[in-house]
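Read the structure below first, then the notes.
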Amino acid sequence: SSREWPPKRSQIVETPSARLTLVMSLAPGAKAFFPNFQETTMSFQAPVKDLLFNIEHLARIDQVAKLPGFEEAGLETAQAVLEECAKFNEGVVAPLNVAGDKQPATFADGKVTTTPGFKEAYRQFTEGGWQGVQHPEAYGGQGLPKTIAAACAEILHSANMSFALCPMLTDGAIEALLIAGCEKLKSTYLEKLVSGQWTGTMNLTEPQAGSDLALIRSRAERQADGTYKVFGTKIFITYGEHDMAENLVHLVLARLPDAPEGVKGISLFIVPKFLVNADGSLGQRNDVHCVSIEHKLGIKGSPTAVLQFGDHGGAVGYLVGEENRGLEYMFIMMNAARYAVGLEGVAISGRAYQKAVAYARERVQSRPVDGSLPGSAPIIHHPDIRRMLMTMRALTEGTRATASVAAAAYDTAHHSPDEATRKQSQAFYEFLVPLVKGYSTEISLEVTSLGVQVHGGMGFIEETGAAQYYRDARILPIYEGTTAIQANDLVGRKTARDGGQFAKGVAAQIEATEKELLASGSEAAKSTAKNLAAARKAFLDAVEYVAANAKPNPNGAYAASVPYLMLTGNLVAGWQLARALLVAEKQLAAGQDAEFMKAKIATARFYAEHILPRTSSLRDAITGGAASVMEMALDSF
């Protein structure tokens with residue numbers, strides 16, 4: 001590549017060339033390095049070409065590279081970074097995916113031992129500088145835009161979602177400290193978190209308080225030296241205890257004795273596993289301990305801990321920001337995590353699609369119905385298998401494109417020198433986040449289920465691996481706020497609050513794309529324009545209903561919230577594929593990569609003709625079905 005990765009400015013290890021040599025050398029020797037390496041997992045191929053297509057043509061990396069601080073982060077840089085990210089994950093992280101499922105993390109004597117090979121892979125991950133791709137150079141990161149970092153994150157999660165959850169949570173902790181942490185906390189923790197030497201966690205949930213954080217009981221007591229003592233139990237803490245890093249930095253929500261009731265009385269604290277001495281070295285063990293880890297349906301390689309704070313006198317904590325503003329700060333971390341979980345939905349969908357295609361090419365079963373072959377043929381010849389594979393592909397590429405466009409909006413919102421542009425981009429990003437999180441994760445269940453179906457009976461057998469993706473995906477619509485929570489946000493804050501005006505503005509942009517499609521004149525473009533227009537009109541009907549009913553008929557509006565999210569996510573993904581179709585037609589006419597561009601056009605048309613029509617039935621359920629949701633008497637359930 002023309003750009004060396006990681007860049008020389010990195011402070012994470014001494015020489016970039018050493019890291020690059022290490023990454024490259026691991027791929028062919030992964031079996032020797034990792035005792036649980038399985039050859040079948042090496043078939044994973046990172047979707048670099050599709051990611052770069054989105055980055056270049058839909059996210060417009062050329063515009064992102066004009067933003068202050070991103071001048072070196074153009075397409076050339078994106079390609080260099082993604083190619084090295086692919087090599088690392090294909091050769092090092094992906095081979096451990098099956099091992100994580102078969103040999104989950106274990107808990108004994110208060111300690112968690114991760115899947116064999118995870119610890120070594122994590123060391124290579126941190127030495128390669130991958131934790132700091134998006135984070136500031138001032139703390140040892142690479143300072144690259146989210147547009148590039150998000151693509152790296154998808155590759156990592158697609159390679160091994162259980163492994164990727166650890167750096168994902170660290171990313172969120174870094175974001176929270178960057179925005180809300182004082183200088184002392186930043187200087188103490190950020191460089192070690194950005195390097196990956198220490199990892200971060202998010203501690204919200206308690207046995208009696210799931211999504212309703214007003215019910216939190218964990219408490220904090222002020223100390224004379226300015227610290228706090230933290231007491232309580234937190235559950236479902238991803239990588240809340242593990243053996244891959246030397247210190248864990250817990251961000252913990254707790255109440256002070258004189259705090260107001262409800263969510264306005266919650267404060268945020270850093271509670272490290274090991275206290276940090278003045279010189280930055282690790283000190284004594286803090287009073288926070290893992291008491292168990294969960295036994296789960298999927299993502300078994302990721303330890304999900306129950307943490308106990310303060311059983312031996314109180315865990316030492318440090319206030320983040322101001323007292324009683326903890327939920328506000330935690331939402332910084334949570335929103336970063338919500339986008340990242342959406343990427344997980346895209347990633348697991350892509351992995352399931354790859355596996356289904358590989359199986360369909362190899363599995364011989366029955367003669368083609370059109371008589372094109374004299375005997376039994378690979379099942380990829382059969383129309384219904386093609387339908388399922390196209391559905392998997394279209395949903396994956398549509399959600400991938402949406403996530404890429406959202407990442408570019410984030411970059412513009414945070415780095416544009418123009419205030420009006422920043423404000424507009426932030427509003428667009430915030431509108432897209434519940435779609436990236438909610439729609440992408442819901443469709444990941446459809447895609448991974450179809451992956452099992454393509455395998456037939458073999459898909460129900462664990463040894464083929466198709467079932468793992470289905471099981472792993474099931475947590476995603478629950479993580480970081482269920483789909484209903486994302487949908488309620490889309491209804492309340494993103495639609496009803498302004499009477500649907502911003503949503504209508506998005507519809508106007510979609511209508512402009514329809515005009516471009518009609519001007520193209522191709523059959524694929526005309527068909528896509530027709531179906532996109534119908535979906536847009538269904539969306540506008542739903543917007544009118546939601547905006548009109550949110551206050552006078554809240555049960556009616558919020559009963560429709562998830563269908564509204566699914567309709568909106570479907571429309572936006574179809575819109576992005578329609579934009580991709582226009583680009584692909586121009587590229588094809590210019591003689592660029594004909595096979596890829598033809599496939600992009602076919603995928604966009606399939607989405608328009610088979611998936612966008614779902615919006616009309618969703619619209620009908622939204623506008624005409626609210627009463628039946630609430631009609632049945634409670635005792636009749």
Side-chain angles (χ1 to χ4, degrees), residues 1 5 20 23-31 34 37-56 78-101 121 124-125 128 130 148 150-164 343-363 378 380 388-390 392-401 403-404 444 447-448 450-451 454-455 464-466 468-469 472-473 580 593 595-600 602-603:
S1 302
W5 174 260
L20 186 55
V23 170
M24 297 292 287
S25 66
L26 278 175
K31 187 170 184 179
F34 296 114
F37 172 82
Q38 296 194 22
E39 292 290 350
T40 55
T41 64
M42 289 297 291
S43 61
F44 166 66
Q45 290 186 323
V48 173
K49 183 177 284 190
D50 198 50
L51 288 165
L52 286 172
F53 177 92
N54 292 337
I55 287 171
E56 180 179 7
Q79 182 170 350
V81 173
L82 263 61
E83 286 175 353
E84 294 310 322
C85 183
K87 290 173 185 176
F88 174 73
N89 283 285
E90 288 168 359
V92 177
V93 181
L96 295 168
N97 189 50
V98 173
D101 192 56
Q124 308 308 328
F125 175 85
W130 297 110
I148 296 175
C152 291
E154 185 195 326
I155 292 172
L156 177 65
H157 284 288
S158 192
N160 189 331
M161 197 162 78
S162 287
F163 178 89
L343 284 181
E344 289 182 303
V346 178
I348 200 75
S349 296
R351 189 73 186 270
Y353 169 72
Q354 283 191 20
K355 190 166 189 64
V357 170
Y359 184 81
R361 291 187 187 281
E362 297 172 357
R363 175 65 167 172
I380 199 167
M388 289 190 286
L389 292 177
M390 285 300 297
M392 295 173 76
R393 182 188 182 106
L395 287 169
T396 301
E397 290 192 12
T399 52
R400 177 181 292 137
S404 187
S444 76
V447 172
T448 55
L450 284 172
V454 169
H455 282 74
T464 63
Q468 183 189 345
Y469 305 134
D472 284 353
D593 202 349
E595 182 180 355
F596 178 84
M597 297 307 166
K598 287 179 180 178
K600 182 62 69 176
T603 302

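With values rounded to the nearest 0.5 angstrom, Thr603 atom OG1 is found 4.0 Å from Arg393 atom CZ. Distance CD/Glu344 to CG/Asp472: 9.5 Å, rounded to 0.5 Å. Between atom CG of residue Leu96 and atom OG of residue Ser162 there is a gap of 10.5 Å, rounded to the nearest 0.5 Å. In this structure, CE in Met390 is found 7.5 Å from OH in Tyr353, a value given to the nearest 0.5 Å. Atom-to-atom distance recorded for Glu84:CD and Cys152:SG is 10.5 Å, nearest 0.5 angstrom. Taking CD1 from Ile348 and CD from Gln468, the interatomic distance works out to 7.0 Å, rounded to the nearest 0.5 Å.
For Thr448 (side chain) and Ser444 (main-chain N/O), a donor-acceptor pair under 3.5 Å exists by modelled atom type. A donor-acceptor pair under 3.5 Å is absent between the side-chain atoms of Gln79 and the main chain of Leu52, judged by distance alone.
Taking each heavy atom of Phe44 and Ser158 in turn, the nearest pair found is CE1-OG, 3.3 Å. Heavy-atom minimum distance, Gly451 versus Ala466: O-CB, 4.3 Å. The heavy-atom pair separating Ser349 from Thr396 by the smallest distance is CB-OG1, 3.3 Å. Of all heavy-atom pairs spanning Gly91 and Pro95, the tightest one is O-CG, 3.5 Å. Taking every heavy atom of both residues into account, Arg361 and Ile380 meet most closely at CG-CD1, 4.0 Å. Taking all atoms of both residues into account, the shortest heavy-atom contact from Val447 to Met392 is O-CE, 3.3 Å.
In this structure, His455 and Tyr359 have parallel ring planes: the angle between them is below the 30° cut-off, well short of the 60° mark.
Side chains of Leu156 and Phe163 form a contact here, defined as non-hydrogen atoms less than 4.5 Å apart. Considering only heavy atoms from C-beta on, Leu51 comes within 4.5 Å of Ile155 through its side chain. Side-chain contact between Leu82 and Ile55: present, with at least one pair of heavy atoms (C-beta onward) separated by less than 4.5 Å. Phe596 has its side chain within reach of Lys600: a pair of non-hydrogen atoms, C-beta onward, lies under 4.5 Å apart.
Glu397 and Arg400 are not joined by a salt bridge, as no carboxylate oxygen comes within less than 4.0 angstrom of a charged side-chain nitrogen.
Taking the ring axis of Tyr469 as reference, the NZ or CZ atom of Lys355 does not stay both within 45° of it and closer than 6.0 Å to the ring centre.
Under the side chain to side chain donor-acceptor pair (under 3.5 Å) criterion, Asn89 pairs with no residue, sequence neighbours left out.
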